[in-house]
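Just below is one structure, and these are the notes that go with it.
Below, read A as the first sequence line, B as the second, and so on, with proteins coming before strands; counting in each chain starts at 1. Nothing here was measured: the structure is a model prediction, and the numbers come from that model.
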There are 4 protein chains.
Amino acid sequence: MSSFRAQKMAKKKQEILRSAAAVLIEKGYQGTTMEEIAAKLLMTKGSMYYYFKNKDDLLHQCHLMIMELCLEGIETVFNSDCTPIEKLRNAIKEHILLATSEKSMFMALAKPNHNFSDEQLKEVLELRKIYSQYFDRIINEGIEKQVFENVDVKMARLIILGALNWIQEWYDQDGPQSAEEISDAYARYLLKMIIKEK
Amino acid sequence: MSSFRAQKMAKKKQEILRSAAAVLIEKGYQGTTMEEIAAKLLMTKGSMYYYFKNKDDLLHQCHLMIMELCLEGIETVFNSDCTPIEKLRNAIKEHILLATSEKSMFMALAKPNHNFSDEQLKEVLELRKIYSQYFDRIINEGIEKQVFENVDVKMARLIILGALNWIQEWYDQDGPQSAEEISDAYARYLLKMIIKEK
Amino acid sequence: MSSFRAQKMAKKKQEILRSAAAVLIEKGYQGTTMEEIAAKLLMTKGSMYYYFKNKDDLLHQCHLMIMELCLEGIETVFNSDCTPIEKLRNAIKEHILLATSEKSMFMALAKPNHNFSDEQLKEVLELRKIYSQYFDRIINEGIEKQVFENVDVKMARLIILGALNWIQEWYDQDGPQSAEEISDAYARYLLKMIIKEK
Amino acid sequence: MSSFRAQKMAKKKQEILRSAAAVLIEKGYQGTTMEEIAAKLLMTKGSMYYYFKNKDDLLHQCHLMIMELCLEGIETVFNSDCTPIEKLRNAIKEHILLATSEKSMFMALAKPNHNFSDEQLKEVLELRKIYSQYFDRIINEGIEKQVFENVDVKMARLIILGALNWIQEWYDQDGPQSAEEISDAYARYLLKMIIKEK
DNA sequence: GATGAATGAGCGTTCATTCAT
DNA sequence: TATGAATGAACGCTCATTCAT
């Protein structure tokens with residue numbers, strides 16, 4: 001079947017995406033060259049165009065892959081039968097672990113590239129929105145169950161995600177704090193922000 | 001006096017820096033071209049080299065100018081005789097106002113560029129550190145006076161600054177929330193995170 | 001084998017070097033543009049960077065190629081079993097033929113460029129020194145065999161090479177004198193300068 | 001009278017030319033910037049355009065000034081009542097002294113620039129021809145008086161001038177040989193080349 | 001499928017030149 | 001006269017993209 005070929009191609013694509021994501025996160029879109037991505041995979045830059053239409057396409061699919069990973073994580077958290085407090089704590093921890101893991105990609109690519117077509121942009125933003133909404137839903141759950149303060153959900157979520165996304169700017173794998181410690185502290189403080197005081 | 005000329009040149013430099021900061025924030029270092037900076041001022045890119053040695057110099061001074069503005073703001077806040085709670089609230093508000101003002105520059109330039117010389121990098125990071133330390137000192141004051149929880153100061157500060165710096169990623173001058181409203185909400189929630197409950 | 005590709009690349013490099021040498025000799029280092037070199041070969045300047053790291057690299061290799069050609073010629077002359085007189089005559093003629101041949105490059109590049117790295121400069125000067133020394137050795141041989149006057153070898157050599165290198169400044173392929181005639185005259189007069197009179 | 005103004009201007013021109021010649025000889029036409037020339041005279045580059053139409057004009061007048069100096073020297077030598085041998089010796093020495101003097105300009109500017117207008121080129125070449133002809137005339141005198149061999153005058157002159165002009169390529173004010181020693185050696189050897197043997 | 005080679009558009013930078021003051 | 005300021009053309013170089021093989 002051709003599905004064999006297709007599978008092989010998909011695998012290669014994944015490989016490229018992973019490599020590309022790493023470089024892209026480190027150097028930014030403009031600072032990353034096709035050659036650099038290719039070199040890391042022992043390919044030539046010409047070959048990349050067999051798998052991706054162009055650099056923007058590559059970046060776009062990078063975003064999609066990363067967002068998919070994130071969504072997977074948060075869905076699991078959301079669908080668990082924990083309390084809202086537990087869910088928010090887990091969502092925060094999951095986010096941080098993803099953002100600091102060696103695969104370390106993530107929302108790192110803060111601004112979906114300016115070169116993106118409307119189509120591409122819409123797609124990424126949609127996923128991002130879905131991701132955000134999971135947080136909103138968790139927060140809403142907490143408010144309804146009266147364990148969270150009656151906060152402005154959007155504001156609270158923006159503060160939380162902002163705090164989380166900033167981690168990549170300063171996180172150092174060899175720094176004094178482990179990802180585990182960081183995620184503990186972040187979860188604790190951010191929860192305190194919205195948990196209802198007895 | 002020649003100081004007249006010098007003054008005029010300084011003014012032009014400021015003008016260029018402001019224009020550069022705007023582009024820089026929107027497009028990032030690599031995405032910013034000398035031509036675009038110049039075009040916004042109805043100049044030609046060649047002219048920029050009369051005022052700045054090169055792109056890195058221009059961008060470096062951009063960082064310095066922005067950080068200076070920030071430092072001015074926080075110093076005033078810190079040296080006022082408010083309570084730690086008031087100080088933190090004001091620091092947060094000031095930061096947001098700067099980040100959303102039309103002059104809109106700021107720490108936007110998350111990662112001082114890779115091309116920077118060690119000298120330049122050190123200079124910017126130093127200023128950034130000073131800025132951060134003001135927050136640390138405010139938080140410490142609050143802990144000492146027992147109005148803040150006994151938090152990990154560094155973590156708390158990172159959460160706060162992360163939340164604040166993310167605003168630029170989504171803030172829209174014509175959006176539903178005014179900068180005023182945003183800064184109110186942010187201050188309230190972030191303060192709740194560290195204020196000691198009675 | 002990959003040696004096929006390598007060979008093809010080497011050939012192209014040679015081609016480019018020859019073109020570059022021609023322009024270089026005519027216009028000097030600063031006057032030579034990558035575009036002009038490329039245009040002569042119906043290439044675009046961007047392509048040159050596939051073969052050479054940068055302009056300095058290209059020009060440096062130009063020097064090396066030219067010097068190699070010169071050294072080949074003089075080595076053959078020196079290692080022949082002619083008398084010193086014959087050797088000097090042949091060395092002069094060989095030099096002129098090279099300098100006036102259509103491949104016309106040569107020591108034309110009087111001053112190895114200022115932009116050259118120390119490494120590059122050293123390399124070129126070393127080759128140049130070797131070339132000069134062949135002349136010195138021929139002259140010394142003549143002195144020892146008492147067919148040449150007891151001249152200051154360095155001075156004599158400088159006079160000879162100076163006279164030879166000047167030819168490119170005025171030689172015109174379509175001028176009244178053929179390269180052959182010129183080299184005859186030069187050899188005769190320059191020899192008379194140092195040959196011992198009976 | 002306006003001749004006062006004119007005189008002052010002429011003086012300034014001379015000053016600029018001298019400074020320009022020094023830089024031009026050291027760095028070549030393309031390597032020399034108007035700014036550099038101006039800076040040496042504590043002027044701004046814009047001011048140079050009051051005295052010279054453009055860079056080519058400046059270079060052109062440089063050539064003229066230099067050639068004038070050379071012509072002065074050789075005329076004096078030629079019109080003296082020395083023997084042809086003495087005259088040639090003196091011409092050679094004079095040439096070398098000029099070429100190595102601290103004012104060190106001279107035919108250094110080997111190739112009248114490519115940008116020169118036909119008019120400018122013609123003018124320089126004309127002066128250069130006159131200079132050459134003085135050598136020819138001296139040589140001819142020597143032949144007629146039977147103190148020189150019956151050489152091809154043009155060839156002999158080209159050899160001599162070539163040898164002389166090469167000196168600038170290697171002469172080092174702080175080198176082992178003084179200009180005096182060099183000119184002695186050059187005169188001796190070059191004369192031997194054409195003097196009739198008894 | 002993969003690559004060597006070429007292309008062309010664009011960028012940072014330099015610099016001769018101009019011109020109002 | 002002299003200069004501060006601006007301009008624009010040109011150059012070296014990079015890099016995404018293409019395409020024949």
(request) Check step by step if side chain to side chain contact (heavy atoms under 4.5 Å, CB included) holds for B:Leu58 and B:Met34. (result) CA-CA 9 Å; B:Leu58 172 54; B:Met34 294 298 276; 4.0 Å; yes
(request) Please find the earliest and latest nucleotides of DNA chain E, in the 5' to 3' direction, that have an atom within less than 4.0 Å of any heavy atom of chain A. (result) E:dG1 to E:dG4
(request) Kindly indicate whether the side chain of C:Lys122, heavy atoms from C-beta on, has any atom under 4.5 Å from the side chain of C:Glu126. (result) no
(message) Suppose we define a pair by two distances each less than 3.5 Å, Watson-Crick or G-U wobble; what does E:dC11 pair with here?
(response) F:dG12
(message) Please report the distance, rounded to the nearest Å, between CE in D:Met48 and P in F:dG4.
(response) 14 Å
(message) Output the rounded distance in Å from CZ (C:Phe52) to C1' (F:dG12).
(response) 16 Å
(request) Using a 4.5 Å cut-off on heavy atoms from C-beta on, say whether the side chain of B:Gln30 contacts that of A:Tyr29. (result) no
(message) Heavy atoms within less than 4.0 Å of DNA chain F: which residues of residues 32-42 of chain A have one? Give them sorted by number.
(response) A:Thr32, A:Thr33, A:Met34
(request) Please tell me if the side chains of B:Thr32 and B:Glu36 come closer than 4.5 Å, counting only heavy atoms from C-beta onward. (result) no
(request) Determine whether C:Ser19 and C:Ile16 make a side-chain contact, defined as any pair of heavy atoms from C-beta on separated by less than 4.5 Å. (result) no
(message) Can you confirm whether B:His63 sits close enough to B:Gln120 that some side-chain heavy atom of one is under 4.5 Å from a side-chain heavy atom of the other?
(response) no
(message) Let's test this: given Watson-Crick or G-U wobble pairing with both distances under 3.5 Å, identify the partner of F:dT7.
(response) E:dA16
(request) Report the distance from atom OH of A:Tyr49 to atom P of F:dC15, rounded to the nearest whole Å. (result) 12 Å
(request) Report which part of the nucleic acid C:Lys8 touches: base, sugar-phosphate, or nothing (heavy-atom distance under 4.0 Å, all strands). (result) nothing
